[in-house]
Asker: 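I'd like to ask some things about the structure below.
Residue numbers count from 1 along this sequence.
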Amino acid sequence: MSKVVMSLPKGMVKDVTVGTVVSLGTYVGLQFLWALLIDRGMLGMERLYPLVCIAAALASFLGCGCTLLRGREGAMLSVPVVVAVFMTLTLTAALLTAETISIENGVTGLGLSMAAGGLLAALIGGNLPRGNRRSRRHSHTRRSVKGAK
């Protein structure tokens with residue numbers, strides 16, 4: 001393994017992977033929902049860009065929130081990593097499917113929406129109570145008493 005991966009807090013790579021998968025799944029699901037609503041005529045095509053930005057922000061928020069709720073050390077460090085990986089994968093898919101990607105196509109708004117969702121998750125996650133869930137679960141173990149058999 002590389003030195004960078006070995007210096008990360010334990011379980012961070014798994015947390016980032018789970019958060020990114022949650023983000024991508026939410027984003028793709030919301031995109032399918034928006035496409036269905038536009039196809040059925042319930043929404044106009046002019047609403048597509050704001051809906052894409054909402055989907056990006058919500059997906060980023062849920063992915064980062066999932067990472068924070070796992071409650072491991074270094075969880076706050078994983079929030080920007082989840083956003084960066086989510087943004088990179090989304091832009092890679094856009095580059096593979098579109099002829100050109102430019103600022104005029106709304107990439108900036110999409111990136112800012114992803115960052116805003118991650119920031120909101122970090123702000124809310126910073127107010128969560130500290131402590132590891134595992135330590136609370138094992139705190140009720142039986143203790144030996146002197147003289148008891």
Asker: Supply the atom-to-atom distance Thr90 OG1 to Leu110 CG, rounded to the nearest 0.5 angstrom.
Answerer: 6.5 Å
Asker: Quick one: does any side-chain atom of Thr67 pair with a main-chain N or O of Val79 as donor and acceptor, under 3.5 Å?
Answerer: no
Asker: Please name all residues satisfying side-chain contact (heavy atoms from CB on, under 4.5 Å) with Leu120, sequence neighbours left out, ordered by chain then number.
Answerer: Phe61, Ile124
Asker: I'd like to know whether Ser23 forms a side chain to side chain contact (heavy atoms under 4.5 Å, CB included) with Leu62, so could you lay out the CA-CA distance, the side-chain angles of the two residues, the decisive distance to 0.1 Å, and finally the verdict.
Answerer: CA-CA 6 Å; Ser23 292; Leu62 290 176; over 6 Å; no
Asker: Do any N or O atoms from the side chain of Ser60 and from the backbone of Met114 form a donor-acceptor pair under 3.5 angstrom?
Answerer: yes
Asker: Can you tell me how far CE of Met87 sits from CG of Leu112, rounded to the nearest 0.5 angstrom?
Answerer: 8.0 Å
Asker: Could you state the interatomic distance from OG (Ser113) to CG (Leu58), rounded to the nearest 0.5 Å?
Answerer: 11.0 Å
Asker: Roughly how far, to the nearest 0.5 Å, is CD1 of Ile54 from CZ of Arg47?
Answerer: 9.5 Å
Asker: Linking Ile, Leu, Val, Met, Phe, Trp and Tyr by side-chain heavy atoms under 4.5 Å, what else ends up with Leu123?
Answerer: Leu119
Asker: Can you tell me how far the CG atom of Leu33 sits from the OG1 atom of Thr26, to the nearest 0.5 Å?
Answerer: 12.0 Å
Asker: Test: ring-ring contact (aromatic ring centres under 6.0 Å, His included). Region: residues 85-112. Which pairs qualify, not counting sequence neighbours?
Answerer: Tyr27-Phe86
Asker: Would the number of heavy atoms belonging to other residues, nucleotides or ligands and lying under 6.0 Å from OH of Tyr49 be above 12?
Answerer: yes
Asker: Name the one of Thr88, Leu89, Val82, Val83 that satisfies side chain to side chain contact (heavy atoms under 4.5 Å, CB included) with Val85?
Answerer: Leu89
Asker: Please answer: with hydrophobic residues joined when any side-chain heavy atoms are less than 4.5 Å apart, are Met42 and Ile38 in the same cluster?
Answerer: yes
